[in-house]
Participant: 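Encoded as structure tokens, here's the structure I'll be asking about.
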Amino acid sequence: TSADMGNLERVEVLRGPQTALFGRGTLAGAINYVTRRPTAELEGRASLAAGSEGLIDASGFVSGPFDDGGRYRFYLSGRSYEYDGWYRNTGPDGGRAGSEQSRSIAGGLFLSPTESFDATLRASYGEDDDGIWATRLFKNLNCFTSVTAVAARGGYWCGRVPVIGRDGIATDVRQAAFVEPGVERETFRSSLELRLDVRGLELKSITALSQEEETWTYDDAQVNSATGPYRPGTANAGYLARRGVDWDSKSQELHLSNGTESSVHWLVGVFWYNEERQDYTNLVDIRRGSFPPILYDPAREVTNRAVFG
């Protein structure tokens, strides 16, 4: 993933239902990643790691004030990561399985022109361009193979998973025009936090926007076969399956509280969230270079509204 862990201030692990704080889908708990805030003093860090199989991981950040008083601050970070993969593909076109490439950049601004008002703007952009992945290439599974929906992808494995040799992967990853097997992902996230103190009361606004585009391209005979690996002459041999998703979300939160100095603390607020998702799929015939029409699933939209206190 293109997420830069060096951009984090802390990670909060909350156990148990967290629906009241983070919305639906958090019945078992939530992991909250809190990113760094721009600092009042100049600081920075740079790191570089290198290893076998073409591993290179470089990252760094710089943060500090624009002025002597620290009322205007900035933060900027970036990361570049590459890995060639470990498995050697013995199928057509060869190459490696499990290669990874990520690029990301993030920044933030903190503005506090008066004692009673401040604003924090954060934004990040990341790209992932990974090769064909190896996690789904293990077949000949031994559990639930008679269940139709599960057997279509080989079932599950029960017990100790056998070791797969470095040359134990055989998948058809030949490239058709403009189609490269693997995972491509672009992610953009931004947020704006405004805080205003008025006569002992604190009014806060949090606005957030997230956008993600992701495409998976893989050997259809490999993934949708119960026995794998690449088998010339089978129904889908020579096809690359393409699946993707476009996802957008927006949220707005407003809350009013009496601050933290009083012995009795209260808070009231409203929350709005909207999510739109579009999934699509198609098969590319790499033998003929044909591109069948893209099949779009029905678009899905979710809107949540809440009042809390």
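Position 1 is the first residue of the sequence; numbering continues from there. Keep in mind that this is a model prediction, so the values were computed, not measured. What's counted below: heavy atoms across the whole structure, side chains too, no hydrogens, waters or symmetry copies.
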Participant: So is Arg277 actually on top of Trp247's ring, under 6.0 Å and inside 45° of the axis?
Facilitator: no
Participant: Do the side chains of Val245 and Tyr280 get nearer than 4.5 Å, heavy atoms only?
Facilitator: no
Participant: Do the side chains of Leu109 and Val62 join up, straight or via other hydrophobic residues, at under 4.5 Å, putting them in one cluster?
Facilitator: yes
Participant: Find the distance between OH (Tyr83) and CG (Leu55) and round it off to the nearest 0.5 Å.
Facilitator: 7.5 Å
Participant: Is there a donor-acceptor pair closer than 3.5 Å between any side-chain N or O of Asp67 and the backbone N or O of Tyr72?
Facilitator: yes
Participant: Classify the side-chain pair Arg122/Thr35 by whether it contains a donor and acceptor separated by less than 3.5 Å.
Facilitator: yes
Participant: Look at the side chain of Ser102 and the backbone N and O of Tyr81, then say whether any donor-acceptor pair between them is shorter than 3.5 Å.
Facilitator: no
Participant: Are any non-hydrogen side-chain atoms of Ser205 and Glu253 less than 4.5 angstrom apart?
Facilitator: no
Participant: How far apart are the C-alpha atoms of Tyr273 and Glu275, what are their side-chain angles, what is the distance that settles it, and do they pass the side chain to side chain donor-acceptor pair (under 3.5 Å) test?
Facilitator: CA-CA 7 Å; Tyr273 173 83; Glu275 174 184 306; 2.6 Å; yes
Participant: Is it the case that over 12 heavy atoms from other parts of the model lie below 6.0 angstrom from the OH atom of Tyr33?
Facilitator: no
Participant: Any sub-3.5 Å donor-acceptor pair from Thr215's side-chain atoms to Glu184's backbone N or O?
Facilitator: no
Participant: Can you confirm whether Val268 sits close enough to Trp266 that some side-chain heavy atom of one is under 4.5 Å from a side-chain heavy atom of the other?
Facilitator: yes
Participant: Run Tyr75 and Phe61 through ring-ring contact (aromatic ring centres under 6.0 Å, His included) and show every step you take.
Facilitator: CA-CA 7 Å; Tyr75 175 86; Phe61 79 88; 5.7 Å; yes
Participant: Is any side-chain heavy atom of Phe117 closer than 4.5 Å to a side-chain heavy atom of Leu111?
Facilitator: no
Participant: Do Ile206 and Leu203 share a hydrophobic cluster, counting only Ile, Leu, Val, Met, Phe, Trp and Tyr and linking them when any side-chain heavy atoms are less than 4.5 Å apart?
Facilitator: no
Participant: So does Arg300 pair up with Asp279, basic N to acidic O under 4.0 Å?
Facilitator: yes
Participant: Under 4.5 Å between any side-chain heavy atoms of Arg103 and Glu82, yes or no?
Facilitator: yes
Participant: Looking at Glu213, Glu100, Glu214, which hits salt bridge (charged side-chain N to carboxylate O under 4.0 Å, His left out) with Arg185?
Facilitator: Glu214
Participant: Take a 6.0 Å sphere around CD1 of Ile31 and say whether it holds more than 12 heavy atoms from other residues, nucleotides or ligands.
Facilitator: no
Participant: Before giving the answer on salt bridge (Lys or Arg N to Asp or Glu O under 4.0 Å), spell out for Arg10 and Glu12 the whole-Å C-alpha distance, their side-chain angles and the decisive distance to 0.1 Å.
Facilitator: CA-CA 7 Å; Arg10 66 184 185 276; Glu12 300 173 342; 2.9 Å; yes
Participant: Could you walk me through whether Phe66 and Phe74 pass the ring-ring contact (aromatic ring centres under 6.0 Å, His included) test, one step at a time?
Facilitator: CA-CA 7 Å; Phe66 287 114; Phe74 75 95; 5.2 Å; yes
Participant: Between Ser191 (side chain) and Leu209 (backbone), is there a donor-acceptor pair under 3.5 Å?
Facilitator: no
Participant: Any chain of hydrophobic side-chain contacts (each under 4.5 Å) joining Tyr125 to Leu76?
Facilitator: yes
Participant: Looking just at side-chain N and O atoms, do Asn274 and Thr303 make a donor-acceptor pair shorter than 3.5 Å?
Facilitator: yes
Participant: If I take atom CG from residue Leu42 and atom CZ from residue Arg73, how far apart are they, to the nearest 0.5 angstrom?
Facilitator: 13.0 Å
Participant: Are more than 12 heavy atoms from other residues, nucleotides or ligands located less than 6.0 Å from atom CD of Glu115?
Facilitator: no
Participant: Between Asn258 and Val264, is there a donor-acceptor pair closer than 3.5 Å when you use the side chain of the first and the backbone of the second?
Facilitator: yes
Participant: Please say whether more than 12 non-hydrogen atoms of neighbouring residues, nucleotides or ligands are located less than 6.0 Å from CD in Glu9.
Facilitator: yes
Participant: Let me confirm one number: the NZ-CG distance from Lys204 to Asp118, rounded to the nearest 0.5 Å.
Facilitator: 8.5 Å
